[in-house]
Amino acid sequence: FIQQATSYVLPILSDEHSVAAPYISIGATVAAAESGVDTRKDELEMSGCSIVTSGDNIYIDGYDSTGILNGVYQFLHFCIDYEAYTPEEIYIKNTDSIPLYAFDYAYSPGLTIATSIPSMRTIQNAARMKMWSGIWGAKDIDGSVWAGGYFAHTILSLLPSNAEPGKSHTGDIDTEDGWYSNGQLCLTKESAISAMADVCASVLATSASDKIMIGGMDNGGSCGCKKCTEAALKYGGVGGVYIRFLNAVAEKVEDILGEDKEFYLYGFAYYGYSDPPVNIAADGTVTLADSSVKANEHVGMMVTTMGSCYYHPMGADDMCDFASQFANRFKGWTAVTDNLFGYTYGTNFHNYMLPFNDFNSIAENIAYMSDLGYKFIYDQSSGNVPMTGFVELKAYIRSKASWDPSSNQYSDRIVNDFFVNYYKVAAEQMKQYYDQIRRHYALIQETTGEYDVGIYDSSRYNVKSSWPLTVINTLEGYIEEAYKAIDEAIVSETVKETVRRRVMAEELTLRYARLTWYQNYYSDKEYEAAYEQFIEDCKYCGVEKFSEGGAAI
């Protein structure tokens with residue numbers, strides 16, 4: 001990027017070379033160590049970075065390798081106005097020289113986000129946005145964040161089906177050797193606790209990562225055995241049983257690996273295990289249901305927004321009941337542990353082709369979680385649709401909001417900046433289209449008064465009544481004006497084709513609506529031709545399927 005901005009090629013040297021000329025040191029180099037300069041690394045937290053000038057040299061460092069790379073991009077931002085709107089749409093200014101600024105900069109982002117949208121499937125692409133690649137579970141610059149790749153629904157896969165004589169995944173929990181009920185592990189059985197500790201210790205002993213998630217399976221239940229049921233009544237619900245299980249496993253892992261071993265076991269506050277074992281008073285004060293449900297130093301929790309409202313932000317003055325419920329849930333877990341991660345959603349898994357209505361809540365929810373002390377979010381979005389529904393814009397908003405949660409105060413400026421740089425000659429028309437989509441969605445929400453279960457919603461947006469022809473025609477007018485602006489612009493054909501493809505990606509929503517609900521407006525031959533062209537254009541824009549469980553197109 002320095003070369004692109006200045007045409008000057010900086011020599012790149014590794015540690016074994018002596019350095020006489022002024023240099024930029026990246027990471028824990030020999031040059032940095034010999035200089036004795038304080039890079040302020042001790043002040044940083046996860047993904048944090050520092051830039052320090054000493055003499056004629058600049059030292060870029062970080063809390064971890066991801067932080068070091070964040071420092072590189074911050075340096076570029078300060079020096080050549082580097083700004084990544086998407087991994088492929090990066091702005092830098094052209095300049096003859098870069099001043100030797102007197103840097104004394106140390107900063108840790110509000111939190112780190114791993115995103116699953118296709119444009120960030122590589123670590124490099126995500127890093128350019130100061131994010132982690134979230135193909136599944138997240139990857140930082142060193143690779144997998146989770147030891148052994150164990151993330152989310154691992155509680156059964158960690159243990160082999162023959163771990164105990166006579167046991168199977170469907171074993172009767174009330175038998176002497178059974179471990180499972182309702183498809184979930186019994187969290188009070190001592191032999192299951194010991195076996196889980198053995199497996200985790202074995203994985204952690206050889207993994208570069210220090211984190212394992214011991215998450216329940218992907219169903220709505222929890223173990224219903226007599227002992228677990230009685231424990232739930234005593235310890236504030238199944239969330240309390242879960243924390244006590246994690247604490248017990250962590251204690252045994254520490255016994256195996258030694259007290260100096262740094263490791264973390266994360267639970268997954270999901271479905272049946274979502275609610276924290278706490279009491280929340282009318283004034284918002286949170287207290288533990290029992291002293292034994294306080295997580296120990298090795299235990300954390302990843303809390304999900306499964307079933308929340310995405311139209312209203314958590315913590316807002318005008319929250320609906322669902323947003324309020326989840327705001328309390330995320331707050332409640334802070335009394336249990338200060339080692340907290342979040343798991344959010346950014347799509348309707350039943351229909352990728354219609355924009356997901358989280359426009360109001362993205363930045364605000366990130367700020368809310370950051371204020372509570374959450375340090376990481378895995379965002380599961382439309383992994384098969386790279387551009388439709390403004391997912392690239394939403395990724396940019398997440399990037400800005402996670403780096404600096406206070407940036408949601410300037411959200412309009414951030415959005416406008418994105419449109420100018422991403423849609424270029426069609427920015428005005430596409431911003432009008434975006435604003436009209438948001439107005440239309442707000443009308444649907446306020447009219448129906450329904451705010452729950454947005455990620456599996458088929459009752460509001462995915463119905464013909466939400467997409468009358470008058471609305472489709474109005475929205476198509478903005479798209480047509482965008483194409484016209486592209487055609488008339490005095491720019492290269494390469495730029496025109498890039499912008500045209502980005503506009504087409506959003507137009508697919510309207511064509512999908514016409515082909516789904518207004519087939520009778522076509523003759524059979526017209527419909528066949530329109531559908532064939534639609535599928536061809538979907539592939540051109542990178543759309544692989546229309547829903548989570550749907551067939552590839």
Side-chain angles (χ1 to χ4, degrees), residues 46 64 137-140 142-165 167 169 177-180 184-217 222-223 227-228 231 235 238-270 273 276-277 288 290-303 333 335-341 343 374-376 378:
M46 184 172 72
D64 45 27
K139 292 181 182 293
D140 64 5
D142 286 326
S144 179
V145 174
W146 302 96
Y150 289 113
F151 173 77
H153 311 297
T154 61
I155 203 162
L156 300 190
S157 58
L158 274 163
L159 299 173
S161 61
N162 60 351
E164 237 184 14
K167 184 198 71 66
H169 285 335
D177 61 355
W179 282 0
Y180 299 94
Q184 301 284 5
L185 182 67
C186 176
L187 303 181
T188 57
K189 200 168 187 67
E190 285 297 326
S191 55
I193 292 171
S194 295
M196 184 65 76
D198 289 341
V199 173
C200 289
S202 177
V203 173
L204 290 164
T206 58
S207 174
S209 175
D210 58 6
K211 300 176 183 66
I212 288 181
M213 180 172 287
I214 307 177
M217 300 313 291
S222 57
C223 175
K227 189 174 181 180
C228 282
Y235 300 116
V238 293
V241 182
Y242 197 3
I243 284 293
R244 287 168 54 83
F245 167 81
L246 293 169
N247 282 344
V249 173
E251 289 169 4
K252 290 181 181 295
V253 170
E254 186 177 68
D255 288 342
I256 297 169
L257 299 180
E259 62 181 16
D260 293 333
K261 175 66 175 178
E262 186 172 308
F263 69 90
Y264 302 94
L265 307 180
Y266 285 85
F268 195 23
Y270 180 79
Y273 297 103
L288 294 173
D290 185 87
S291 60
S292 67
V293 298
K294 182 71 175 178
N296 69 34
E297 62 180 337
H298 295 293
V299 170
M301 186 63 68
M302 177 172 269
V303 186
W333 280 109
V336 179
T337 177
D338 58 4
N339 189 3
L340 289 164
F341 288 178
Y343 190 124
Y374 286 71
K375 290 301 180 184
F376 169 85
Y378 174 72

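Position 1 is the first residue of the sequence; numbering continues from there. Everything numeric here is computed off the predicted structure, so don't read it as measured data. Note: hydrogens, waters and symmetry copies are ignored here, and every other heavy atom, side chains too, is used.
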Could you go through residues 197-206 and list every donor-acceptor pair under 3.5 Å that involves a side-chain atom there, pairing it with any protein atom two or more places apart or in another chain?
unit_1: T206; atom_1: OG1; unit_2: V203; atom_2: O; d: 3.4

Which atom pairs, one a donor and one an acceptor, fall under 3.5 Å between side chains of residues 248-259 and the rest of the protein, sequence neighbours left out?
unit_1: E254; atom_1: OE2; unit_2: H298; atom_2: NE2; d: 3.0

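Here Y378 contributes atom OH and M302 contributes atom CE; the two are 9.0 Å apart, rounded to the nearest 0.5 Å. Within the model, atoms CG of L265 and CD1 of I214 stand 4.5 Å from one another, a figure rounded to the nearest 0.5 Å. Distance check, rounded to the nearest 0.5 Å: SG of C223 to CD of Q184 gives 8.5 Å. Atoms CD1 and CG, from I193 and L187 in turn, are 8.0 Å apart once rounded to the nearest 0.5 Å. To the nearest 0.5 Å, atoms OH (Y374) and CE (M301) are separated by 9.5 Å. One distance of note links CH2 of W333 with CG of D338; it measures 14.0 Å at 0.5 Å rounding.
Shown here for L185 and A192, the closest heavy-atom pair between the two residues is CD1-CB, 4.1 Å. Looking at every heavy atom in both residues, K294 comes nearest to L288 through CB-CD1, 3.9 Å. Of all heavy-atom pairs spanning F376 and A138, the tightest one is CZ-CB, 3.7 Å. Of all heavy-atom pairs between N247 and N296, the closest is OD1-N, 2.9 Å. Minimum interatomic distance between R244 and S292 (heavy atoms only, all atoms of both residues): NH1-OG, 2.9 Å.
Of the possible donor and acceptor atoms, none in the side chain of D64 sits under 3.5 Å from a partner among the backbone N and O of M46. A donor-acceptor distance shorter than 3.5 angstrom exists from the side chain of T337 to the backbone of V299, with no hydrogens or angles considered. Listed for the S157 side chain is a donor-acceptor partner under 3.5 Å among the backbone atoms of T154.
By the 4.5 Å heavy-atom criterion applied to side chains, S291 and Y235 are not counted as neighbours.
In this structure, the side-chain contact (heavy atoms from CB on, under 4.5 Å) partners of S209, at least two apart in sequence or on a different chain, are A147, S207, K211. When the side-chain contact (heavy atoms from CB on, under 4.5 Å) test is applied to K227, the partners found at least two apart in sequence or on another chain are T188, C225. Residues satisfying the side chain to side chain donor-acceptor pair (under 3.5 Å) test with Y266, not counting sequence neighbours, are N339. Checked against side chain to side chain donor-acceptor pair (under 3.5 Å), Y264 has no partners two or more places apart in sequence or in another chain.
By the 30° and 60° cut-offs, the orientation of the rings of F268 relative to Y343 is tilted.
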